[in-house]
Each structure stands twice: as structure tokens, then as C-alpha cells.
Amino acid sequence: MSIPTHYIVALSAILFTLGVAGVLTRRNAIIIFMSVELMLNSANLAFVAFARQFLDMSGQIFVFFVMVVAAAEVAVGLALIVTIFRTKHSISVDEINQLKG
Amino acid sequence: MQLRRSLPLGIVAALALFAVAAPLTAWAQEGHGGEAAAGVNAYAPLVPLLIVFPLAGFLINVFAGRRIGEPWAGILASLFSGLAFLIAVLQVVGLANSGYEAVTIPVLDWIVVKDAVGNGGVNVAWAFLVDTLSVTMMLVVTGVGTLIHIFAIGYMHGDVQVNGDPQRFPRFFVFLNLFLVAMLILVTGDSYLTMFVGWEGVGLCSYLLIGFWFEKGKDRIGNARAARKAFVANRVGDWALMMAMFMIFWMFSSFTYNDVFGRLESIRLSVQGQNAITIITLLLLVGAAGKSAQIPLYVWLPDAMAGPTPVSALIHAATMVTAGIYMITRSHVLYALAPESMQVVAWVGAATALFAATIAVAQTDIKRVLAYSTISQLGFMVAAVGLGGYVAGMFHLVTHAFFKALLFLSSGSVIHALEEGHHAIVHAAHATHIGGGGDEHAHGESHADASTEHHAEALHDDAHAFDPQDMRNMGGLWTKLPVTRWVYLIGALALAGIPPLSGFFSKDEILLDAFEHNLGLYVVLTIAAVFTAFYMTRQVLMVFFGQPRTAAAAHAVESPAVMTVPLIILALLSFVGGALNLPGGLPGAHAMTEWLGHTLGEHEAGEFNLFVAGLSTVLALAAIGLGYALYNGKPRAVDERDPLHNLLGPVFGWLRDKWYIDELYELIILRPFGWLARFLADVVDWNFWHDWFHDKVLLGTFNTFARLLAVGVDLGGIDAIANGLGEFARTVAASFRNLQRGYVRTYALMMFIGVVAVLSYFLLVR
């Protein structure tokens with residue numbers, strides 16, 4: 001018998017929570033990126049789990065979209081981080097606060 | 001340019017032409033269009049010309065006097081004055097032809113006020129009243145006035161040179177002609193209101209002419225002060241006259257003599273009416289006292305001598321000051337109804353006559369003696385009219401006009417002569433000083449030079465203080481002034497009342513009236529007459545006899561013919577003027593009594609009273625003898641004590657200082673007035689009204705109220721709302737601003753919280 005779906009969803013929720021905690025607590029922009037990727041992938045996991053459960057392929061397909069978006073985002077985000085590092089010699093998000101109101 | 005300059009002259013000429021043509025046309029139509037009916041005064045329509053002529057002279061000299069210049073401005077003025085005299089003479093002819101009937105010549109509607117219902121109201125026409133009384137005054141004013149105008153041509157020539165402003169020559173004649181206009185309005189008007197216009201006009205001219213050399217005199221302001229004093233003293237009288245006029249209008253609803261007197265004859269007076277008439281007549285007396293210089297308002301007249309001498313002669317001796325006597329005579333109907341007032345009038349006049357005469361004996365200024373003499377003689381006239389002797393008063397007015405004008409003009413001639421002498425010495429002194437370096441004896445006789453130099457030195461000591469009017473600076477002028485000496489003597493004798501000169505007859509008539517009606521008055525007036533003879537003797541002796549007391553007197557020269565000819569004419573008039581109204585028993589007697597009787601009603605003719613005439617003559621001669629004994633050849637030097645001073649002792653000081661009346665007035669009127677004024681200004685106005693009421697009360701209340709509005713309402717209310725709203729928005733914004741710190745993790749946390757909240761809502765609530 002296969003793994004019950006609620007296990008997978010629970011794992012997805014744990015991963016997502018970890019991602020959120022990472023985004024909220026870390027200062028390093030790369031770690032935050034990684035946490036965001038963790039959240040995206042937890043969502044992917046949930047998609048896949050429910051697609052298998054309901055025998056619906058649209059969940060599977062949606063995962064591909066998410067991965068594409070994540071890849072694009074990483075490309076843009078890393079480029080931004082590199083540029084910021086060049087100007088500020090730091091990638092701590094607490095120091096990137098020039099847009100404050 | 002040329003056109004603009006001559007334009008006013010052209011307008012004046014056109015107006016003058018019209019003003020002359022209009023009465024002439026009226027005259028031609030009335031008198032000569034058809035055959036003049038007997039009993040019609042053919043010349044009366046000409047009477048407006050009496051005013052038009054001097055007015056024309058006035059206007060021409062006002063606009064073009066400076067260009068006309070000396071002496072033509074004076075000649076022009078004299079000419080117009082002479083023309084006015086001709087008109088006055090024609091009026092005599094007209095009256096004689098028409099049975100001495102009074103004629104009223106209306107000229108224009110002057111003041112017309114209709115009341116609401118259409119009946120009553122005021123309608124004062126400008127009209128001329130031609131009767132024997134007004135014509136008498138016209139003759140005196142224009143006749144004596146013309147002679148004085150002519151004299152002034154010569155006198156003012158020297159005066160403007162001495163005072164250093166020859167440009168002022170035409171101005172003098174402007175004022176003089178204006179005075180004639182005003183005086184003729186005064187005497188020709190047919191109503192109290194018209195008279196009042198002239199009354200004020202002569203007061204103005206008097207003011208202007210007293211202050212003619214307004215920058216001269218004591219402290220360079222003395223003359224201006226004298227002018228102001230005259231004006232103010234006259235205003236007091238004017239006030240009373242106005243009050244009298246208001247009461248007259250209140251009683252009779254009219255100002256014209258005919259209405260007032262006519263109504264009086266047709267009604268029976270109540271007790272209140274009787275009292276009102278008494279008050280009116282007393283107020284008229286106060287008015288007359290102001291203008292005719294009676295106690296207590298006489299103080300201005302001696303100071304008025306600050307004016308040039310022709311002014312003193314014309315205004316302050318011959319004409320203007322007689323306006324009060326004319327006014328009382330004109331109001332004889334009113335006075336007849338108020339016997340108490342007449343008593344007051346008579347006693348005021350007699351008191352003035354004696355009082356002023358006592359002051360005159362101790363004065364040293366030649367014109368001041370004559371001024372007090374004038375006050376005294378005016379007192380005689382007022383006493384006469386107060387006794388009901390209107391004819392005697394008018395008679396004395398006329399003769400007094402002759403001899404007092406003569407005396408003033410002669411004194412002007414003396415002053416002129418002394419000034420000339422003074423100048424001759426100063427010039428000679430300059431000449432010797434300049435020529436002294438080179439050839440000492442180049443100017444001929446060394447003796448004359450030496451004496452001149454001596455005089456000049458003596459003169460230089462007091463050159464700045466030389467007063468050509470001080471009789472102590474004169475003496476011995478008898479040989480220097482061959483014409484002036486005789487005319488002066490005639491004037492003095494006429495004033496002293498020596499027969500057969502005019503003053504004897506006129507004064508005698510007054511004394512006779514007093515003798516018959518009021519013995520007390522008679523005694524007072526007789527004593528005054530004695531004083532008169534005495535001070536005139538003193539003056540003549542001090543001026544003309546003895547040795548010259550100054551260099552100026554020693555070098556005095558006679559005045560030119562333009563001055564002496566009018567003097568001679570006036571002297572003739574002063575000599576024979578008594579013939580106007582000889583007492584009974586002589587040929588041509590009572591001429592003036594009959595003449596004035598046509599206006600004043602039947603009048604008892606003064607008969608010759610040997611006792612009165614004899615006594616006054618004897619007393620006058622005695623006074624002259626006493627004066628001769630005291631003053632013959634004395635005082636010998638300028639600073640010698642007055643012989644009278646030795647005789648009278650301290651009393652002389654009182655006389656010389658005018659009984660300290662000026663000081664008394666200063667003490668009881670001027671100083672309290674000054675205090676009151678200062679009190680009102682400093683305490684009432686400044687401290688009370690300004691500092692307290694205005695600053696404290698008004699301004700304080702306003703400031704408090706304004707502060708309440710500004711701080712309480714505006715700042716505390718309106719601004720608080722507006723500012724509070726702004727402050728509120730800012731506070732709220734500041735708290736919200738804290739949400740946007742720029743820390744990405746904060747945003748992320750918020751987003752997380754938001755997501756949690758939204759999800760919680762969906763999961764838990766729904």
C-alpha cells in the first residue's frame with residue numbers, strides 16, 4: 001500500500017513552516033532564497049500529493065509551472081543579490097532598507 | 001502769457017463797467033427819462049456807486065497794485081474814494097430836492113428763507129437807506145477818507161522806505177479802499193444785518209491795518225499782538241451786537257430799521273417786551289463799546305496806534321470808531337423806550353470820557369495821547385446819545401472827525417519829519433565817516449560838519465532805540481514845520497474847545513444837554529474837557545516849543561505838499577466846522593438839528609447858554625494856562641522828569657501806566673483764561689480724555705476685547721480646530737510610518753501574520 005496522503009501533506013506543511021521560519025528569521029538573502037525555494041517545493045509536494053489522491057493530472061502539470069517560475073525567480077533574484085553585493089558589500093536584508101517610508 | 005496776465009484785469013474792468021452802468025441806467029430812467037417830479041430823490045438810485053467805486057479801487061489794486069506801483073496805486077485809490085465822495089454830495093442834493101424824505105434802494109435779494117407753510121420766513125434784501133443820518137455818515141467817511149487817502153500817498157512813501165519794504169505800498173491802499181467799502185456798507189445798510197456785515201468788515205480792515213507792519217513792534221511781534229488784541233476786543237462787542245440782533249429778530253421777525261421801528265410805533269409793549277427792549281439796548285451798548293472803544297472794551301484802541309498814522313486817523317479816530325455812535329443813534333427809537341439803558345449809556349460815555357482823559361495827560365507817545373483823546377471824545381459822543389442828544393452826538397462825531405483826523409495826520413507829518421531828520425543825520429554821519437580819511441574839509445563849512453558828527457555820535461548811542469513817535473524826542477519843531485505847526489495848533493485848539501473853532505460848538509452842545517438833563521454828568525464831562533485842554537497844551541508845547549531835544553528834531557524837515565494840502569483842508573474844516581450847527585441866536589443856526597431832525601424826529605435845538613459856554617471856555621483857557629506854566633520850555637532834555645510828575649508825584653505813575661488797566665485785565669481775564677485753557681488742555685483734554693478715557697477706557701476695553709477674540713476665540717477655537725486636525729493627522733501618520741521601516745523581514749512577518757489571519761478567518765469562522 002502506498003503512503004497515505006495525509007502524511008505527505010503533513011510533510012509539506014512542515015516544510016512550508018520551515019520555509020516561512022527561514023524567511024522570517026534569517027538575514028542572509030541567499031538563505032532567504034533557499035527558504036523561499038523550500039516553501040515553493042513544499043507547495044509542489046502538496047500539489048503532487050493531491051494529484052495522486054484525486055487522479056487528476058492538472059496538479060502534476062501545475063508543479064512544472066511552479067518549477068519554471070522558481071527557476072526564473074532564482075535567476076533574477078541571484079542577479080539582484082550579486083548587484084547589491086557589489087554596491088553594498090553585504091547581502092544582509094536588514095541593510096537594504098532605503099525604500100522605507 | 002500776456003493774455004493770461006491781463007485776463008483778471010479785464011474781468012475786473014468789465015464787472016466795474018457793469019456795476020457803474022446799472023445804477024446810472026436806473027438813475028437815467030427814473031430821474032431824467034421824464035421830467036423829474038418834485039419830491040422825488042433823483043440821485044438816490046446812484047447810491048450803490050458809493051460802494052462800487054471803492055470796491056473797484058480795491059479790486060484793481062488787489063490784482064494789479066504791484067504793477068501799477070507807487071504812487072499810482074495810491075492816486076487810483078484816492079480817485080475812487082473821491083468819486084464816492086461826489087456820490088455822497090449828490091445824495092445831499094437829492095435829499096434837499098425831495099424834502100429830506102428817506103428812500104430805500106433795494107439792490108438784490110440777499111437772504112431768503114421760506115418756512116414750510118410758506119408764510120413768514122426770512123427775507124433780508126440788500127438795500128441802501130438814504131436819509132439824512134446815513135448821508136451825514138457817508139459824507140464824513142468819504143470826505144475825510146479821501147483826504148486821508150491823499151495824505152497817505154505822501155506818508156506811505158516815506159513809511160515803506162523807513163520800514164524797508166516798498167512793495168507794500170499798494171497793499172496799504174487795498175486795505176484802505178476795502179475799509180471804505182465796509183464802512184459804507186455799515187452806514188448805508190437799511191437793516192441791522194447789513195450793518196453787521198460792514199461792522200465785521202471794518203473790524204477786519206482794522207485788524208489788517210493795525211498789523212500792517214506785522215513783523216515789527218516789540219519782540220518783532222508787538223504789532224501783530226496789537227492787531228489781535230483789537231480783533232478780540234471787538235469780537236466781544238460783536239458778540240453782544242449779534243445777541244441784540246437775534247433778540248430783535250425774535251421780537252420783530254425782521255432786521256430792517258423800518259420794520260423794527262415801524263412795528264414799535266404801532267404796538268403797546270408788555271412788561272416782558274419792555275424788558276426785552278432794555279436788554280437789546282444794553283447789548284447794543286456793549287457792541288458800541290467794543291467798536292467805539294468805551295469802558296470796559298477800550299483797551300484795544302491805544303494799541304491800535306501800531307498801524308500807520310493814516311490808519312489811526314481814518315479808522316481809529318474819524319470813522320470806524322464812530323460806528324457805535326452811529327448805531328446807537330440809528331437805534332434811537334429803541335433807546336427811547338429804554339430810559340434805564342440810556343442812563344447806562346450816558347454814564348458809560350462820561351466815565352470813559354474822564355477816565356481816558358486822565359490817562360492822556362501822562363502819555364509820552366504822540367499818537368498814544370491822541371488815541372486816549374479819541375477814546376475820551378468818543379465818550380463825550382456816547383454820553384450825548386445817552387442823554388438823548390443824538391444831534392449833539394452826531395455833531396461832535398462830525399467835528400471830531402475833522403479835527404482828530406487833522407491831529408492824527410499832523411502827528412503823522414511830525415513823525416515823518418522826525419524820521420526824515422533822523423535819516424538825514426544817519427546819512428550825513430556815514431558820509432563823514434567815509435570821507436574822513438581823505439580830505440576832511442571837502443564838504444564846505446567845518447562847523448556844520450562838526451555839529452553833524454556830534455549829533456551822529458549822540459545818535460549812534462541810541463540809534464537802535466530811536467522812537468520818532470516819542471514826544472520827549474521832539475521839541476522846537478515850531479520853526480522846522482511851517483505848515484504842520486499851524487494846522488496842529490488849529491486841531492489842538494478845536495479839540496480843547498476854544499471858540500470859535502468847531503470843537504467848541506459841538507462839545508458845548510453836549511455839555512448843554514448834560515447841564516439840562518443830568519448835572520452829575522455835566523460835572524464829569526466838564527472835568528474831562530478841562531483835562532482835554534490840558535493834555536493838548538502839554539502835547540503842543542512838548543512837540544513844537546522849547547529847544548530840540550534830539551538831533552533828529554533839530555534836523556526835521558516839513559512834509560511834501562501831497563501831505564500838507566489835505567492837512568490845510570482839514571484845518572479849514574476844523575476851524576469852520578462849528579458852523580454846521582450853530583446855537584440859537586446866530587445866523588444859520590440849528591442847520592444840523594433840522595437836517596438830522598428829518599430822520600431822528602423833532603429834536604430840541606440847543607440854545608446858547610452863556611453859563612455853560614462861558615464856564616467851559618474859561619476852564620479850557622485855565623487848563624491851557626496851567627499847561628503853559630508847567631511845560632513852557634520843558635522838559636529840556638530827553639530824560640528829564642516830566643514837570644507833571646513833580647507836581648502829582650506817584651499819581652503820575654498811575655496815569656502814565658494807564659491805571660494798570662491792561663495789567664488788571666491780564667490778571668482777571670487773560671491769566672485765568674490762560675489757566676483755564678491750560679487746565680482744559682493739559683488736565684481735561686490730555687490727562688482725562690486722552691490718557692484716561694481714550695487710552696485707558698476705550699483703548700483698554702478694546703484691547704481686552706480684541707485679546708479675548710484673538711486668543712480665546714481665534715487661537716483657542718478656530719485655530720485649535722484646524723491645528724488639531726492637522727496634529728491628529730500627523731500623529732496618526734507618524735504611528736503608521738513605523739510600519740514601513742524598510743526591513744524586509746518586518747514586511748515578511750506582516751505578510752505572514754496577514755496570511756495567517758485571512759486563513760484563520762476562512763478556516764475557523766466560515
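Residue numbers start from 1 in every chain, and the chains themselves are labelled A, B, ... in the order their sequence lines are given, proteins ahead of strands.
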Is it the backbone or the side chain of A:Val20 that comes under 4.5 Å from a heavy atom of chain B, or both, or neither? side chain

Show every side-chain hydrogen bond (donor to acceptor under 3.5 Å, both in side chains) that has at least one partner inside residues 12-41 of chain A, sequence neighbours left out. A:Arg27-A:Asp94, A:Asn41-A:Asn44

Quick one: of B:Thr746, B:Leu749, B:Asn738, who has the most non-hydrogen atom pairs under 4.5 Å with chain A? B:Leu749

Could you check whether B:Phe679 and B:Trp675 have their ring centres less than 6.0 Å apart? no

If we ignore hydrogens and angles and just use 3.5 Å, is the side chain of B:Arg671 paired with the main-chain N or O of B:Tyr665 as donor and acceptor? no

Heavy-atom pairs under 4.5 Å with chain B, option from A:Leu24, A:Val23, A:Ile32, A:Val93 with the top count: A:Leu24

Test of understanding: with ring pair (Phe, Tyr, Trp, His ring centres under 6.0 Å), list the residues that count as partners of B:Phe214, not counting sequence neighbours. none

